[in-house]
*Asks:* 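Pasting in a structure now, in structure tokens, and then I'll have a few things to ask.
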Amino acid sequence: MSASQRYRIGYALEPKKVKTFILPSLVDHAARHGVVLVPIDPALPLIDQAPFHCILHKLYDPNWIQNLHEFTSKNPTTVIVDPPDQIQSLRNRISMLDAVNRVRIPGEFDLGVPKQVAIRDSDGLNKKNLDLKFPAIAKPEAADGAAASHEMFVVFNAGGLEKIMKENKSPMVVQEFVKHGGAVFKVYVVGDHHVKCVKRRSLPDILAEDEGDSDGGVLPFSRISNSNEAGDVNEVEMPPREVVEEVARGLRKELKLRLFNFDIIRDFCKNGKYVVIDINYFPGYAKMPDYESVFTDFLLDVVQNQYNPHQL
Ligand SMILES: O=P(O)(O)O[C@@H]1[C@@H](OP(=O)(O)O)[C@H](OP(=O)(O)O)[C@H](O)[C@H](OP(=O)(O)O)[C@H]1OP(=O)(O)O
Ligand SMILES: Nc1ncnc2c1ncn2[C@@H]1O[C@H](COP(=O)(O)OP(=O)(O)O)[C@@H](O)[C@H]1O
Ligand SMILES: [Mg+2]
Ligand SMILES: [Mg+2]
């Protein structure tokens with residue numbers, strides 16, 4: 001294929017995501033390498049907007065999924081990044097971490113997830129014999145991209161948990177708080193070849209004394225690590241490259257996804273064991289260094305090698 005070959009990559013994203021991800025610097029870089037990024041109107045049949053060598057998407061509306069299914073059944077050579085069925089496991093905070101438990105690490109380090117339990121309502125809470133230590137973090141079970149899915153609570157006691165379950169009608173996941181030194185590592189994965197780890201500010205380590213600052217045993221917080229400023233993050237040491245790559249490789253294989261990031265911390269009470277606390281589909285890649293060239297290389301790899309997620 002000649003260097004001037006134009007590959008058409010359709011993208012179906014929320015307007016907010018288009019603003020933060022489809023930046024002119026990406027569109028220009030991609031175009032210089034023969035990759036044309038084309039906006040998709042998810043409400044119109046894909047067949048009328050084709051052809052596409054590849055479709056990128058982060059939309060969950062059932063009509064869109066149906067549109068995509070109908071298109072792929074007639075156009076099996078268009079690569080879908082990623083298939084909706086595969087993305088589904090990341091839309092729930094229990095199933096997303098199941099993948100971590102399936103990862104087998106040949107190396108010399110421990111990997112796990114926080115001890116956690118799903119509580120569907122306040123009746124469920126009464127029935128459950130909670131075998132969890134406080135402080136804990138309560139998170140909405142649904143990771144559906146809504147602002148509310150990032151609204152969380154530090155919980156200091158059983159009374160606090162009861163208060164949350166009464167006030168919030170939606171199912172929650174309660175995890176033991178892991179003492180990790182106030183820094184979280186975000187590992188961005190793009191296809192088979194690119195893995196980038198960055199350090200972000202996290203919740204500071206919570207002490208039993210902090211209960212005094214809480215409202216009835218509860219402290220709300222949201223999007224604590226969602227900033228690009230690493231400047232004021234403390235001195236916690238970055239995880240070694242081999243660890244980051246090994247976990248990324250394992251998760252890529254288990255999730256059968258090409259675009260995701262995961263949040264990993266170190267449990268200071270368990271010898272620095274690595275603990276994955278969150279996995280996000282198609283995160284904010286524009287914050288990643290050199291995202292324009294990384295993404296363009298990924299798209300070229302996808303369309304030139306037509307690789308199938310089941311072979312990942
Ligand atoms: O908005 P951004 O660029 O900060 O990206 C968000 C991600 O931030 P990160 O790259 O991990 O720092 C963010 O990651 P966290 O959950 O904050 O760890 C999510 O991936 C979020 O998507 P959603 O709201 O869960 O669907 C991402 O939001 P969308 O851009 O997909 O709406
Ligand atoms: N089990 C935990 N122990 C300690 N801190 C946690 C734990 N779970 C989450 N956190 C803190 O809360 C932040 C948000 O939690 P996360 O599950 O990543 O939600 P979101 O999807 O909104 O990013 C994390 O970046 C980290 O600072
Ligand atoms: Mg997170
Ligand atoms: Mg998340």
Side-chain angles (χ1 to χ4, degrees), residues 1-91 144-145 188-194 252-253 255-261 280-286 288 290-312:
M1 237 162 239
S2 76
S4 62
Q5 167 80 50
R6 288 283 180 271
Y7 294 109
R8 270 174 62 91
I9 312 290
Y11 60 85
L13 302 168
E14 296 285 357
K16 179 175 88 66
K17 186 78 173 173
V18 172
K19 271 202 193 111
T20 57
F21 176 72
I22 308 287
L23 300 183
S25 57
L26 174 65
V27 175
D28 292 351
H29 185 93
R32 282 200 300 278
H33 292 80
V35 172
V36 184
L37 292 161
V38 183
I40 287 172
D41 182 340
L44 299 178
L46 274 167
I47 206 86
D48 297 345
Q49 302 174 70
F52 298 112
H53 293 92
C54 167
I55 292 175
L56 300 174
H57 69 115
K58 186 177 179 177
L59 294 177
Y60 305 107
D61 176 70
N63 294 327
W64 160 250
I65 306 294
Q66 180 64 21
N67 193 356
L68 198 54
H69 276 313
E70 276 164 20
F71 179 76
T72 45
S73 63
K74 291 182 195 115
N75 298 271
T77 57
T78 299
V79 188
I80 309 301
V81 175
D82 281 293
D85 292 352
Q86 245 85 266
I87 301 172
Q88 205 52 33
S89 69
L90 297 190
R91 309 250 301 143
D144 56 8
Y188 289 86
V189 178
V190 184
D192 277 349
H193 308 298
H194 193 82
R252 200 196 280 122
K253 183 162 168 265
L255 295 166
K256 296 189 171 62
L257 290 173
R258 288 164 276 200
L259 297 180
F260 65 94
N261 76 1
N280 304 296
Y281 186 64
F282 203 152
Y285 285 115
M288 195 178 70
D290 302 324
Y291 104 103
E292 296 87 349
S293 57
V294 169
F295 226 83
T296 302
D297 290 353
F298 163 68
L299 292 172
L300 284 169
D301 191 30
V302 162
V303 291
Q304 288 170 348
N305 299 315
Q306 296 272 319
Y307 75 91
N308 176 338
H310 298 288
Q311 293 164 349
L312 285 178

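Position 1 is the first residue of the sequence, and the numbers go up from there.
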*Asks:* Would you please name every residue forming a side-chain hydrogen bond (donor to acceptor under 3.5 Å, both in side chains) with D297, sequence neighbours left out?
*Replies:* none
*Asks:* Check whether R252 reaches the backbone of R258 with its side chain - one donor and one acceptor, N or O, closer than 3.5 Å.
*Replies:* no
*Asks:* Are L37 and L299 side-chain neighbours, meaning at least one heavy-atom pair lies under 4.5 Å?
*Replies:* yes
*Asks:* Please list, chain by chain and in numerical order, all residues satisfying side-chain contact (heavy atoms from CB on, under 4.5 Å) with P51, sequence neighbours excluded.
*Replies:* R8
*Asks:* Between Y285 (side chain) and F260 (backbone), is there a donor-acceptor pair under 3.5 Å?
*Replies:* yes
*Asks:* When rounded to the nearest 0.5 angstrom, what is the spacing between OG1 in T72 and CD1 in I55?
*Replies:* 8.0 Å
*Asks:* How would you list all residue pairs meeting side chain to side chain donor-acceptor pair (under 3.5 Å) that involve residues 55-66, not counting sequence neighbours?
*Replies:* H57-W64, Q66-E70
*Asks:* Who passes side-chain contact (heavy atoms from CB on, under 4.5 Å) against A31, sequence neighbours left out?
*Replies:* none
*Asks:* V189 and G191: which non-hydrogen atoms are nearest, and at how many Å?
*Replies:* CG1-O, 3.7 Å
*Asks:* Report the residues that fulfil side-chain hydrogen bond (donor to acceptor under 3.5 Å, both in side chains) with Y281, sequence neighbours left out, ordered by chain and then residue number.
*Replies:* D82
*Asks:* Could you work out, with ring-ring contact (aromatic ring centres under 6.0 Å, His included) as the rule, every residue matching H29, not counting sequence neighbours?
*Replies:* H33
*Asks:* Please tabulate, for side-chain N and O atoms in residues 17-28, each donor-acceptor pair with protein atoms closer than 3.5 Å (sequence neighbours left out).
*Replies:*
{"unit_1": "K17", "atom_1": "NZ", "unit_2": "F282", "atom_2": "O", "d": "2.8"}
{"unit_1": "K17", "atom_1": "NZ", "unit_2": "P283", "atom_2": "O", "d": "2.9"}
{"unit_1": "T20", "atom_1": "OG1", "unit_2": "K16", "atom_2": "O", "d": "3.4"}
{"unit_1": "T20", "atom_1": "OG1", "unit_2": "K17", "atom_2": "O", "d": "3.3"}
{"unit_1": "S25", "atom_1": "OG", "unit_2": "E292", "atom_2": "OE2", "d": "2.7"}

